[in-house]
Amino acid sequence: PNSSHNLLLFIQLLFIALPPVPGVQTTGWGFHSEIAHSGIYSVHNRQDLGAFSHSRSLVPPERCALFDPAFTAQEAAALEHLGLRLLPENEEGKHGIEGSATLFYMVHCGKALYNNLLWRNWSAEALSKMVIIGNSFRGIEERLLSRVLERDYSYIAKVLKGTEEVALPTHPRYLDTFNDTSVHWFPLQKLKGLSLEVWNFVEEPTYQDCEDLEIIRKEDRAEQHSLAATAS
């Protein structure tokens with residue numbers, strides 16, 4: 001079987017092995033209109049679409065959603081035409097699962113998106129119902145200085161001891177497409193083993209001292225629209 005088949009099979013096995021996941025959300029697909037200008041990016045997006053489409057065959061379509069603040073109006077319309085549901089606004093990753101088990105497909109997203117998602121669902125009960133396919137949390141820990149991880153991405157730092165992580169299969173031709181991608185889930189028993197101090201700190205991330213914030217914020221997008229309107 002080819003690597004695309006292996007990836008889809010891997011995701012299907014996840015749905016079988018992990019607790020039932022009635023909802024799927026994917027974030028950070030980027031500009032689809034620019035796919036033709038990058039061969040690697042093209043594979044990345046085709047794999048994204050294939051994996052997401054496969055997840056929709058396992059989960060009711062009305063429980064599947066996607067979002068990227070970089071989508072143009074034309075791209076959003078095209079995705080909706082394909083039957084994909086787009087979230088109405090930029091949540092900056094702060095999406096609450098509201099008690100529903102959810103798979104988050106967030107390949108190549110900025111660290112702040114993962115951190116915001118964890119903050120928004122910061123309880124053992126909520127986190128135990130989540131699965132995140134995205135950049136390796138272990139890799140993030142290895143690449144960042146401890147003080148930077150704890151200062152800027154404290155929720156990633158705090159959840160590490162409560163996380164199970166398995167690397168996704170890589171694509172043999174484009175080894176950097178999924179080379180840092182893992183599946184993360186949070187077993188309830190491991191989460192309950194974390195200290196009360198970990199759970200009692202629930203301050204919303206602000207990233208005031210973060211020098212390399214890899215996220216499009218609401219105000220950033222609003223400013224871009226305002227500048228575009230002024231220019232026209």
Side-chain angles (χ1 to χ4, degrees), residues 7 10-11 13-15 17-19 21 23-29 44 47-48 51 55 67-68 91-97 101-171 175-195 197-199 201-207 209-215:
L7 175 61
F10 186 83
I11 292 174
L13 289 174
L14 278 176
F15 278 89
L18 296 173
V21 179
V24 177
Q25 181 181 328
T26 180
T27 303
W29 282 23
H44 170 202
Q47 295 272 27
D48 279 350
S55 72
F67 183 80
D68 193 310
E91 299 177 321
E92 298 179 357
K94 301 170 186 176
H95 183 83
I97 65 169
T102 304
L103 168 66
F104 291 89
Y105 186 77
M106 303 172 65
V107 175
H108 299 307
C109 285
K111 293 180 287 292
L113 286 176
Y114 303 110
N115 197 58
N116 286 349
L117 176 64
L118 294 170
W119 166 76
R120 180 63 179 81
N121 298 282
W122 196 244
S123 72
E125 291 73 18
L127 292 175
S128 66
K129 295 178 180 179
M130 292 168 48
V131 177
I132 300 174
I133 300 179
N135 297 359
S136 168
F137 285 10
R138 291 178 192 154
I140 292 173
E141 180 186 26
E142 292 171 358
R143 287 189 294 271
L144 289 181
L145 295 173
S146 296
R147 62 177 177 82
V148 175
L149 178 64
E150 294 171 2
R151 181 195 67 195
D152 296 338
Y153 310 107
S154 61
Y155 292 94
I156 295 177
K158 291 188 295 184
V159 85
L160 286 170
K161 291 183 179 179
T163 304
E164 292 286 347
E165 177 177 330
V166 176
L168 232 64
T170 56
H171 192 290
L175 295 178
D176 54 353
T177 303
F178 288 107
N179 70 317
D180 190 43
T181 304
S182 291
V183 181
H184 310 80
W185 67 99
F186 315 95
L188 187 58
Q189 286 305 114
K190 293 191 72 169
L191 294 172
K192 287 184 175 180
L194 301 181
S195 68
E197 182 181 359
V198 166
W199 300 113
F201 182 83
V202 290
E203 182 176 336
E204 183 172 1
T206 60
Y207 309 105
D209 299 315
C210 183
E211 298 178 355
D212 185 26
L213 188 60
E214 308 161 318
I215 185 175

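Nearest approach of S128 to E125, heavy atoms of both residues: OG-O, 2.9 Å. Annotation for S182 and E165: closest pair OG-OE2, 3.0 Å, computed over non-hydrogen atoms. Summarising the geometry of K161 relative to L194, their closest heavy-atom pair is CB-CD2, 3.8 Å, with the distance given to 0.1 Å. Of all heavy-atom pairs between A112 and L213, the closest is CB-CD1, 3.6 Å. Looking at every heavy atom in both residues, P187 comes nearest to E164 through CG-CG, 3.5 Å. Between T163 and V159 the shortest heavy-atom distance is OG1-O, 2.7 Å.
Side-chain contact between D180 and R143 is present, with heavy atoms from C-beta onward closer than 4.5 Å. Taking 4.5 Å as the limit, some side-chain heavy atom of L188 sits within range of a side-chain heavy atom of K192. The shortest side-chain heavy-atom distance between V198 and W122 falls under the 4.5 Å cut-off. Counting only heavy atoms from C-beta outward, the side chains of I215 and E92 approach each other to under 4.5 Å. Counting only heavy atoms from C-beta outward, the side chains of C109 and N135 never approach each other to under 4.5 Å. Between L144 and Y153 there is a side-chain heavy-atom pair separated by less than 4.5 Å.
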Could you walk me through whether N121 and Y155 pass side chain to side chain donor-acceptor pair (under 3.5 Å), step by step?
CA-CA 10 Å; N121 298 282; Y155 292 94; over 6 Å; no
I would like to know whether L149 and E141 meet side-chain contact (heavy atoms from CB on, under 4.5 Å); could you show each step before the answer?
CA-CA 7 Å; L149 178 64; E141 180 186 26; 4.2 Å; yes
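Taken to the nearest 0.5 Å, the CG atom of L117 stands 8.5 Å off from the CG atom of L127. Atom-to-atom distance recorded for N116:CG and K111:NZ is 13.0 Å, nearest 0.5 angstrom. Here I156 contributes atom CD1 and L118 contributes atom CG; the two are 6.5 Å apart, rounded to the nearest 0.5 Å.
Side-chain atoms of W199 never come within 3.5 Å of backbone atoms of S123 as a donor-acceptor pair (strictly under, hydrogens ignored). Side chain of K158 to main chain of F201: a donor-acceptor pair is present (N/O by atom type, distance under 3.5 Å, no hydrogens or angles).
The aromatic rings of F137 and Y114 stand perpendicular to each other, their planes meeting at an angle above 60°, with 30° marking the opposite boundary. In this structure, H95 and F104 have perpendicular ring planes: the angle between them is above 60°, well past the 30° mark.
Salt-bridge formation is detected for the pair E204/K94: a Lys NZ or Arg NE/NH1/NH2 atom is positioned less than 4.0 Å from an Asp or Glu carboxylate oxygen.
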